[in-house]
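Sharing a structure below in structure tokens format, with a few things to ask.
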Amino acid sequence: QVRLVESGGGLVQPGGSLRLSCAASGSTFSFTVMGWYRQAPGKQREWVAAIYANGLTKYPDSVEGRFTISRDNARKTMYLQMNSLKPEDTAVYYCNAKSGYEYWGQGTQVTVSS
């Protein structure tokens, strides 16, 4: 039984930075993979970052070099540091965790606009 809650979204200017957090409740913080997805209105949900149990991270080309995924096992929290933000990064961002079952957070809005 796991619940994921995102926070940290908001309005930021192009070129700015934002850090999203995903806090996990439950007795475990051990998953096969955790990650972040985003979805803009009228568009398909897009994967933007993943971190595996061994700490390996992976990103699509669209965010490579700008986004960094990390986790703090003691705090049972996953983070997404977003730098050099672009208007096309505007979306609702969802955290995800998978280990036999797939869990999703409720989403947090990120708006990149001047």
Checklist outcome for this item: ring pair (Phe, Tyr, Trp, His ring centres under 6.0 Å) filter on Tyr103, not counting sequence neighbours, yields Tyr101
Checklist entry - Side chains of Thr108 and Val92: does their closest heavy-atom pair fall under 4.5 Å? => result no
Checklist entry - Partners of Ser17 by side-chain hydrogen bond (donor to acceptor under 3.5 Å, both in side chains), sequence neighbours excluded? => result Asn83
Checklist entry - Around Gln1, counting heavy atoms of other residues, nucleotides and ligands shown, do more than 12 lie under 6.0 Å from its CD? => result no
Item to check | Under the side-chain hydrogen bond (donor to acceptor under 3.5 Å, both in side chains) test, residues paired with Glu102 that sit two or more places apart | outcome: Asn96
Item to check | Gap separating the OH atom of Tyr37 from the OH atom of Tyr94, nearest 0.5 angstrom | outcome: 13.5 Å
Checklist entry - With sequence neighbours left out, what residues match Ser99 under side-chain hydrogen bond (donor to acceptor under 3.5 Å, both in side chains)? => result none
Item to check | Any pair counted as salt bridge (Lys or Arg N to Asp or Glu O under 4.0 Å), so long as it reaches residues 47-67, sequence neighbours left out | outcome: Arg66-Asp89
Checklist entry - Do Tyr93 and Arg38 have a side chain donor and acceptor closer than 3.5 Å? => result yes
Item to check | Contacts of type side-chain hydrogen bond (donor to acceptor under 3.5 Å, both in side chains), residue Gln13, not counting sequence neighbours | outcome: none
Checklist entry - Is there a side-chain contact between Val33 and Ile51, using heavy atoms and a 4.5 Å cut-off? => result no
Checklist entry - Would Arg19 count as a cation-pi partner of Trp36, with NZ or CZ less than 6.0 Å from the six-membered ring centre and within 45° of the ring normal? => result no
Item to check | Side chain to side chain, Leu85 and Leu18, heavy atoms closer than 4.5 Å | outcome: yes
Checklist entry - Are any non-hydrogen side-chain atoms of Phe31 and Val2 less than 4.5 angstrom apart? => result yes
Checklist entry - Counting only heavy atoms not in Arg45, do more than 12 sit closer than 6.0 Å to its CZ atom? => result yes
Checklist entry - Are the side chain of Glu6 and the backbone N or O of Cys95 linked by a donor-acceptor pair below 3.5 Å? => result yes
Next on the checklist: Ignoring hydrogens, what is the shortest heavy-atom contact between Ala49 and Leu80? Give both atom names and the distance.
Outcome noted: CB-CD1, 3.9 Å
Checklist outcome for this item: Heavy-atom nearest pair, Glu46 first then Ser62, reads OE2-OG, 3.4 Å
Item to check | Heavy-atom side-chain contact between Tyr59 and Ile69 under 4.5 Å | outcome: yes
Item to check | Heavy-atom side-chain proximity of Tyr79 to Asp72 below 4.5 angstrom | outcome: yes
Item to check | Beyond-backbone contact of Val63 with Met82, side-chain heavy atoms, under 4.5 angstrom | outcome: no
Next on the checklist: For a 4.5 angstrom cut-off between non-hydrogen side-chain atoms, does Leu11 reach Ser113?
Outcome noted: yes
